[in-house]
Amino acid sequence: MESAHSRRHIERNIAMELVRATEAASMAAARYLGRGNKELVDQAAVDAMRLALGYVSMDGIVVIGEGEKDEAPMLYIGERIGNGADLKVDIAVDPVDGTTLVANGLPGAISAVALSAQGTMNCPRQFVYMNKIVTGPEARGVIDINAPTEENLENIAHAKRRNVSDLTVVVLDRPRHEQLLSEIRNVGARVKLIPAGDLAAGIEAALPETGVDVLMGVGGTPEGVLTAAALQCIGGVIQCKAWPRDKKERDAALADGINLDKVYYTDDLINSEDVFFAATGVSTGELLKGVRYFSGGAATQSLAMRSSSGTVRWIDATHNFDRLDKLRSLELP
């Protein structure tokens, strides 16, 4: 049964305000590209994103953030963010998805924010990782995370009117995926291994003409919820299940009453018809260009989406640092 939360609409289009936050985080983080310190990358992005979100007219609660309050001084889970205006929302933030990528000067890192009406985001935090399958709207209704890999790929290929050998499956390059990779290759599909950044890859899997058809494998739980937010906007689908890392995590989840066999669908993670999602490239990847600096400023590329309208905007922007600094000095109390 559809909840009241899922029917609640946000009156104004807040997407551009979120883009300003991801742009700020990306430009701050990209300063540390290739400098080998992922903590500096993350802290710079967190500081910049929190400052930008603080100007937004909303009363937001961070549902997905940098951790619990004692682990993260800012953008922690449960933190209230915004200027306190009467727009009550849930916020999911990933100031940098791919901090290691940025620290090592590698491509594909993005900054992302999602927003929906308060009470509509669900992040099952009892487990850090989830097994996921993500694909585009053509294959809605034909995937089943409990089905064999071969069956899923054959069904997706049929839905897309392609041969299995035409599909490209993105998988995180991890030892835990050895069996999955063998199954994908045995059925004849193509494989794209990525070192990190399964949020960007999940979005690519649902967008047309990206060269990516499916995301499979185990990745972060928060990234799964952010992916679901993007999919609500573009019509793709995600299914995921808990993936406990060890017996201790498994036992703790069971003690909390978690059903480890439960399949989480898109609506289970984001139960709203009005979702906003924004992302900006930090280091250039296949989804978004990274930050490019020039004398006195920088250029960014972002993605802004809203589920109720289905609008997807690609935003190329240039930023004049002198003028931005003057504007900020006027805005500060």
Side-chain angles (χ1 to χ4, degrees), residues 15-35 37-38 40-53 64 75 92-115 134 170 172 192 194-212 215 219-220 222-223 226-227 229-231 233-234 236 276-294 297-306 311-321 324:
M16 282 307 302
E17 296 168 75
L18 300 184
V19 168
R20 292 187 188 101
T22 57
E23 287 174 341
S26 293
M27 287 188 286
R31 290 289 188 192
Y32 299 97
L33 182 75
R35 290 169 60 177
N37 191 325
K38 67 178 185 178
L40 278 178
V41 171
D42 190 51
Q43 191 61 59
V46 169
D47 292 346
M49 178 174 281
R50 188 180 188 279
L51 181 64
L53 288 174
I64 294 173
L75 291 177
V93 302
D94 197 343
V96 180
D97 180 42
T99 52
T100 301
L101 296 176
V102 181
N104 293 333
L106 296 172
I110 66 172
S111 175
V113 175
L115 180 151
V134 181
V170 175
L172 280 168
K192 177 182 175 184
I194 56 172
D198 71 336
L199 170 56
I203 297 169
E204 288 180 63
L207 285 170
E209 300 179 8
T210 62
V212 172
L215 169 77
E223 289 81 3
L226 276 157
T227 301
L231 296 176
C233 299
I234 53 182
F276 295 85
F277 180 91
T280 301
V282 182
S283 58
T284 295
E286 295 189 22
L287 179 65
L288 290 164
K289 293 178 183 177
V291 178
R292 289 90 69 207
Y293 294 103
F294 53 80
T300 58
Q301 186 176 60
S302 302
L303 182 62
M305 303 185 282
R306 183 180 189 180
T311 301
V312 178
R313 290 183 172 91
W314 298 87
I315 303 163
D316 289 290
T318 57
H319 308 267
N320 184 306
F321 291 155
L324 284 171

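If you read the sequence from its start, that first residue is 1, and numbering goes on from there.
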Margin query: Thr280 and side-chain contact (heavy atoms from CB on, under 4.5 Å): which single residue from Arg20, Glu23, Gln301 fits?
Written below: Glu23

Check: Heavy atoms, side chains only, cut-off 4.5 Å: are Phe276 and Val113 in contact?
Finding: no

Check: Could you state the interatomic distance from CG (Leu207) to CG (Leu303), rounded to the nearest 0.5 Å?
Finding: 6.5 Å

Margin query: Can you give me the closest heavy-atom contact between Ala196 and Leu172, atom names plus distance?
Written below: CA-CD2, 3.6 Å

Item checked: Reported OH-to-CE distance for the pair Tyr293 and Met27, which is rounded to 0.5 angstrom -> 7.5 Å

Next item on the list: Specify the closest pair of heavy atoms between Leu226 and Phe277, including all atoms of both residues, with the distance to one decimal.
Entry: O-CE1, 3.6 Å

Note to self: By the definition side-chain contact (heavy atoms from CB on, under 4.5 Å), identify the one residue from Thr311, Leu231, Ile234 that meets it with Met305.
What the structure shows: Ile234

Check: Tell me the side chain to side chain donor-acceptor pair (under 3.5 Å) pairs involving residues 42-51, sequence neighbours left out?
Finding: Gln43-Asp47, Arg50-Glu79

Check: For the side-chain contact (heavy atoms from CB on, under 4.5 Å) test, which of Asn104, Val102, Val96, Thr100 pairs with Lys38?
Finding: Thr100

Check: Judged by atom type as modelled, is there a donor-acceptor pair below 3.5 Å linking the side chain of Ser283 to the main-chain atoms of Leu106?
Finding: yes

Check: Closest heavy-atom contact between Pro95 and Met49?
Finding: CA-CE, 3.9 Å

Next item on the list: Looking only at non-hydrogen atoms, find the nearest pair between Ala279 and Thr22 and report the distance.
Entry: C-OG1, 4.0 Å

Note to self: I need the full list of side chain to side chain donor-acceptor pair (under 3.5 Å) pairs touching residues 201-212, with sequence neighbours left out, sorted by first then second residue.
What the structure shows: none

Check: Taking atom CG of Leu199 and atom CD1 of Ile110, what is their separation to the nearest 0.5 Å?
Finding: 4.0 Å

Margin query: For Ile315 and Met16: C-alpha separation, side-chain torsions, deciding distance, then whether side-chain contact (heavy atoms from CB on, under 4.5 Å) applies.
Written below: CA-CA 10 Å; Ile315 303 163; Met16 282 307 302; 3.5 Å; yes

Margin query: I want to check something: taking the side chain as every heavy atom from C-beta on, are Leu101 and Pro195 in contact at a cut-off of under 4.5 Å?
Written below: yes

Margin query: Do Ser26 and Val282 make a side-chain contact, defined as non-hydrogen atoms from C-beta onward lying under 4.5 Å apart?
Written below: yes

Next item on the list: Please name the pair of heavy atoms, one in Gly197 and one in Asp97, separated by the smallest distance, quoted to 0.1 Å.
Entry: CA-OD2, 3.5 Å

Check: According to the salt bridge (charged side-chain N to carboxylate O under 4.0 Å, His left out) rule, which pairs have a member within residues 278-293, sequence neighbours left out?
Finding: Lys192-Glu286

Note to self: Are Leu53 and Leu18 packed together at the side-chain level, in the sense that at least one heavy-atom pair is separated by less than 4.5 angstrom?
What the structure shows: yes

Next item on the list: Specify the closest pair of heavy atoms between Ala201 and Ile194, including all atoms of both residues, with the distance to one decimal.
Entry: CB-CD1, 3.8 Å

